[in-house]
Student: 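The following block contains the structure, expressed as structure tokens.
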Amino acid sequence: MQNRITNETLKNIKQRRSIRSFKDEQIKDEELQAVLEAGLYAPYAWDQSRHFTVIQNKELLDRLNIAAKEAAKQMDFEHLRELGNDERFHCLYNAPTLIIVSGNEQAPIPLEADCATATQNLLLAAESIGLGACWIFFVLLAFNSTQGTELLRELKIPDGYKPYYSAVLGYKNAATVNIPERNSNLITYIK
Ligand SMILES: Cc1cc2nc3c(=O)[nH]c(=O)nc-3n(C[C@H](O)[C@H](O)[C@H](O)COP(=O)(O)O)c2cc1C
């Protein structure tokens, strides 16, 4: 693709990759606040309809991993069952911080998109300040497990809200990641 225009925002978008290996060290609170603020500024279809839950408790993160893997073992999709049964797989990649983005199911319009825009902003903000991040669907399987209802309560997800997406954050174990070219054949131009 022949794009000649560049700036910090465009570079950040292109440089962001899913990071799946993290240092143990927790991120700084000001880094967390910068990422969360970016989430709050994402576009939405329905105002004040999403909620961010930040989890930085290792014992709870490990429990979410185990509950998600237990639920994955029961899924129809073979790949998920394999991951559920893989003892080396940690669905949060041992990242020190998890942010769950939940949407208010009572809002009059579907909210998944509101949560998705916020999640993407979290990832881009993380990249822009040198943090590693990865969008994580897998951990949400924990809410399908036998402990699902109890976990919603423990995580203080507001009543009527559903966890739609999540992202892990931490310091990257490797400074550079390979950035493969994206397929520009996916675009149709009509002028
Ligand atoms: C809705 C959604 C769910 C995802 N869930 C997971 C996940 O559970 N675990 C994971 O490792 N990556 C997950 N990813 C990350 C994708 O695998 C990743 O974005 C994709 O392979 C492209 O790679 P990149 O992010 O490095 O550009 C998810 C991404 C999206 C958009």
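Remember, it's 1-based here, ligands and their atoms both numbered in the order they're listed.
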Student: Strictly below 4.0 Å, N to O, side chains only: are K172 and E127 in salt-bridge contact?
Tutor: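 A salt bridge is present here (some side-chain N lies under 4.0 Å from a carboxylate O).
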Student: Check each heavy atom of A116 against ligand 1 and say whether those closer than 4.0 Å belong to the side chain, the backbone, both or neither.
Tutor: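 Neither part.
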Student: Is the shortest N/O to N/O distance between I136 and ligand 1 below 3.5 Å?
Tutor: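 Min N/O separation from ligand 1 is not below 3.5 Å for I136.
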Student: With sequence neighbours excluded, what pairs up with S128 under the side chain to side chain donor-acceptor pair (under 3.5 Å) test?
Tutor: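 Side chain to side chain donor-acceptor pair (under 3.5 Å) list for S128, sorted by chain: empty.
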Student: Please report the closest heavy-atom contact between G103 and Y164, naming both atoms and the distance.
Tutor: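 Looking at all heavy atoms of both residues, the closest pair is N-CD1, 3.6 Å.
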Student: Output the list of atoms in ligand 1 that are nearer than 4.0 Å to some heavy atom of C134, sorted by atom number.
Tutor: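 With C134 as reference, the close atoms of ligand 1 come out as 10 (C), 11 (O), 12 (N).
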Student: For E78 and R81, run salt bridge (Lys or Arg N to Asp or Glu O under 4.0 Å): C-alpha distance rounded to whole Å, both residues' side-chain angles, the deciding distance at 0.1 Å, then the answer.
Tutor: CA-CA 5 Å; E78 192 187 342; R81 280 203 308 278; 5.0 Å; no
Student: Compare every heavy atom of R50 with every heavy atom of G39, then report the nearest pair and how far apart it is.
Tutor: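 Heavy-atom minimum between the residues: O-NH2, 3.8 Å.
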Student: Check whether any N or O atom of Y165, backbone or side chain, sits under 3.5 Å from an N or O atom of ligand 1, and answer yes or no.
Tutor: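 Y165 vs ligand 1: no N/O contact under 3.5 Å.
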Student: Among all protein non-hydrogen atoms, which one is nearest to atom 31 (C) of ligand 1, and what is the separation to 0.1 Å?
Tutor: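 Looking at atom 31 (C) of ligand 1, the protein heavy atom closest to it is W135 CD2, 3.7 Å.
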Student: Need the ligand 1 atom indices (1-based, order shown) with element for anything under 4.0 Å from a heavy-atom of R17.
Tutor: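 With R17 as reference, the close atoms of ligand 1 come out as 23 (O), 24 (P), 26 (O), 27 (O).
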Student: May I ask you to check whether F138 has an N/O atom sitting below 3.5 Å from an N/O atom of ligand 1?
Tutor: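 Yes - when backbone and side-chain N and O of F138 are compared with those of ligand 1, one distance drops under 3.5 Å.
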Student: Answer with side chain, backbone, both or neither: which part of R182 has a heavy atom less than 4.0 angstrom from an atom of ligand 1?
Tutor: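 Side chain only; the backbone of R182 stays clear of ligand 1.
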Student: For atom 18 (C) of ligand 1, what is the closest protein heavy atom, and at what distance to 0.1 Å?
Tutor: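 Result: S18 OG, 3.3 Å.
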Student: Nearest non-hydrogen atom to atom 10 (C) of ligand 1 belongs to which of F89, Y93, F137?
Tutor: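 Answer by nearest heavy atom: Y93.
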Student: Treating S166 as the side-chain partner and I136 as the backbone partner, does any N or O pair qualify as donor plus acceptor under 3.5 Å?
Tutor: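 Yes, because the side chain of S166 sits within donor-acceptor range (under 3.5 Å) of the backbone of I136.
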Student: Considering only the protein, which heavy-atom contact is closest to atom 17 (O) of ligand 1, and what is its distance?
Tutor: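 In this structure, atom 17 (O) of ligand 1 has R20 NH2, 3.1 Å as its nearest protein heavy atom.
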